Every structure is written in structure tokens, then in C-alpha cells.
Amino acid sequence: MSQAAHPAGNGEGSSRRDFLLYATGAMGAVGTALALWPFIDSMNPAKDVMALATVEVDLSPVDVGQSITVVWRGKPVFVRHRTEQDIEKARAVDVATLRDPQTDDERVIKPEWLVQIGICTHLGCVPKGQKPSDPKGDYDGWFCVCHGSHYDTAGRIRKGPAPLNLPVPQYAFLDDTTIRIGEE
């Protein structure tokens, strides 16, 4: 049959062309999605990190005045069994003078236990102060030797370039001597 017998837009040639156009578009979309999937999937946390979504910590061997570091989601978490003097110092601070105002009670569940992520809020360094021989800064807490941020006995920024307090992760006491860090 001649071209005149099949006006443009009607007939078998047009529907085949439409089918090929849609099929090509669909295959292009699928190909693009398959090419982008590895990139999108790489933004998800790694399986080993998700396996550590929660960590249980036995506090019974930690003496008063001692600190330990545990790893949670690939980050150091500082746990300090604070002395009465540490607690008194933290509570005596006028919160209005702090760069990131938080009371001591807002940062702890039980006053004698301080749990916080040990990453300086300035540039992500790990502050000193966990070992007895470490420098603890001007406020007897933690000191970031890289850039000079000083944190107090409640992990609050007191001096230096860090803009925020050391973050407190979600945690809960399972009993008197065990905590679970993270959500379950």
C-alpha cells in the first residue's frame, strides 16, 4: 500500500513507531536506574556499622574517677564514672555563660555516669582526657590538642573554636551496671 493510504498518526507504522519509542525510553530509564544504584546504595551505612547499632557496656569494672572508651557505629564513646567533685564542678557552672547552654542534668541520666561521643565538634578530632596521663584542659574534662578546644567535666565546650558540646548519644540503663548505647 502506498503512504497515502495510511495518513500520519493512524495505522500500523505509527503504532510500531510509538511502541519502539516507549520501549526505548523505558530501557533507558531502567539502564539509568541500574547505573545509579551503586552510587545510591553507597550512601547507606555499611553492614558492620549497622551491626553495631546498639552496644551494651558493662560498667561494673569502671572505678570512680575512671574513664573508658567504647566504639559505637565506628565512633569513640567516652564513658566516665564521675567523682563527686566532677559532678559539683559541672553543676556549679552558670549555664548562661556557655556557648552551647546545657545543664549537667540535661546531659546525664545518672549524675555519676557521663556518656558522650568523643569527637570534637570543631573539626572531628578525638579529644584527650580519657587516660589519667592525658591533658584535660583548663576545665578538667577533655582537651582537643589539635585546635585547643577545652571541655568541662560535663563535656560542655568552655574555650576554643568548637561550636558545640560533645554530643550525648541515645543510651539507657538496663540495670545498675549496664547501659545500652543506641536505639534497638
Side-chain angles (χ1 to χ4, degrees), residues 43-46 49-184:
M43 291 184 211
N44 289 324
V49 171
M50 288 311 292
L52 297 174
T54 63
V55 169
E56 289 187 15
V57 182
D58 179 13
L59 303 174
S60 59
V62 184
D63 294 328
V64 174
Q66 187 179 16
S67 297
I68 61 169
T69 303
V70 296
V71 177
W72 171 68
R73 292 188 175 177
K75 300 174 188 171
V77 175
F78 296 166
V79 179
R80 182 174 284 178
H81 194 168
R82 299 192 303 174
T83 64
E84 279 299 319
Q85 184 181 7
D86 290 338
I87 297 166
E88 287 172 20
K89 279 184 189 178
R91 288 182 173 168
V93 173
D94 179 7
V95 178
T97 65
L98 298 175
R99 183 177 308 158
D100 184 10
Q102 282 185 311
T103 65
D104 185 57
D105 289 338
E106 291 174 309
R107 297 185 52 79
V108 297
I109 294 174
K110 293 184 178 184
E112 64 272 20
W113 294 104
L114 178 64
V115 180
Q116 60 193 352
I117 297 173
I119 297 177
C120 181
T121 59
H122 178 233
L123 290 175
C125 306
V126 177
K128 300 285 185 182
Q130 285 296 89
K131 298 176 186 172
S133 61
D134 280 352
K136 296 188 181 343
D138 293 350
Y139 301 92
D140 204 28
W142 291 266
F143 177 60
C144 183
V145 295
C146 301
H147 302 102
S149 293
H150 298 251
Y151 297 91
D152 67 11
T153 59
R156 299 174 295 201
I157 184 63
R158 300 292 297 278
K159 179 180 174 183
L164 302 170
N165 303 329
L166 293 175
V168 175
Q170 182 171 353
Y171 72 98
F173 278 85
L174 302 179
D175 57 41
D176 287 341
T177 61
T178 308
I179 60 170
R180 179 178 47 235
I181 302 170
E183 297 180 51
E184 192 165 324

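These figures come from a predicted structure and were not determined experimentally.
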Minimum heavy-atom separation for [X] and [Y], please, with both atom names.
X: A90; Y: R82; value: CB-NH1, 3.8 Å
X: P167; Y: I119; value: CD-O, 4.1 Å
X: K89; Y: V93; value: O-CG2, 3.4 Å
X: H122; Y: S149; value: CB-OG, 4.4 Å

- Please check if atom NZ in K128 has more than 12 non-hydrogen atoms from other residues, nucleotides or ligands closer than 6.0 Å.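 Check fails, neighbour count at 12 or below.
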- Taking atom CD of Q85 as the centre, does the number of heavy atoms from other residues, nucleotides or ligands within less than 6.0 Å exceed 12?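 No, the 6.0 Å shell around CD holds no more than 12 heavy atoms from other groups.
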- Message: Suppose we screen for ring-ring contact (aromatic ring centres under 6.0 Å, His included). Which residues come up paired with F143, at least two apart in sequence or across chains?
- Response: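 Residues passing ring-ring contact (aromatic ring centres under 6.0 Å, His included) with F143: H150.
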- Query: Hey, does the side chain of D175 reach the backbone of T178 with a donor-acceptor pair shorter than 3.5 angstrom?
  - Reply: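 Judged by distance alone, yes, a pair lies under 3.5 Å.
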- Does Q130 reach the main-chain N or O of I68 with its side chain, forming a donor-acceptor pair under 3.5 Å?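 A pair under 3.5 Å: yes.
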- Identify which one of R156, Q102, R158, Q116 satisfies the side-chain hydrogen bond (donor to acceptor under 3.5 Å, both in side chains) criterion when paired with N165.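 Of the listed residues R156, Q102, R158, Q116, the side-chain hydrogen bond (donor to acceptor under 3.5 Å, both in side chains) partner of N165 is Q102.
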Nearest 0.5 Å, what's the [atom1]-[atom2] distance between [X] and [Y]?
X: T153; Y: L114; atom1: OG1; atom2: CG; answer: 8.0 Å
X: Y151; Y: C144; atom1: OH; atom2: SG; answer: 6.5 Å
X: D152; Y: D86; atom1: CG; atom2: CG; answer: 10.0 Å
X: R180; Y: L174; atom1: CZ; atom2: CG; answer: 5.0 Å
X: K75; Y: I117; atom1: NZ; atom2: CD1; answer: 5.0 Å
X: I109; Y: F173; atom1: CD1; atom2: CZ; answer: 6.0 Å

Considering only heavy atoms from C-beta outward, does the side chain of [X] approach that of [Y] to under 4.5 Å?
X: I157; Y: P163; answer: no
X: C125; Y: H147; answer: yes
X: W113; Y: L59; answer: yes
X: L166; Y: P127; answer: yes
X: V115; Y: P169; answer: yes
X: R91; Y: D105; answer: yes
X: W72; Y: V57; answer: no

- Begin from the C-alpha positions of W142 and K136 and carry the test side chain to side chain contact (heavy atoms under 4.5 Å, CB included) through to its verdict. CA-CA 5 Å; W142 291 266; K136 296 188 181 343; over 6 Å; no
- Can you name the residues that form a salt bridge (charged side-chain N to carboxylate O under 4.0 Å, His left out) with D176, not counting sequence neighbours?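 K110.
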- Query: When you look at D58 and S60, which way does the side-chain hydrogen bond (donor to acceptor under 3.5 Å, both in side chains) test go after all the steps?
  - Reply: CA-CA 6 Å; D58 179 13; S60 59; 2.8 Å; yes
- Trace of the side chain to side chain contact (heavy atoms under 4.5 Å, CB included) decision for V126 with F78: CA-CA 10 Å; V126 177; F78 296 166; 3.9 Å; yes
- Query: Hey, mind stepping through V62 and V79 against side chain to side chain contact (heavy atoms under 4.5 Å, CB included) and telling me if it holds?
  - Reply: CA-CA 9 Å; V62 184; V79 179; 5.8 Å; no
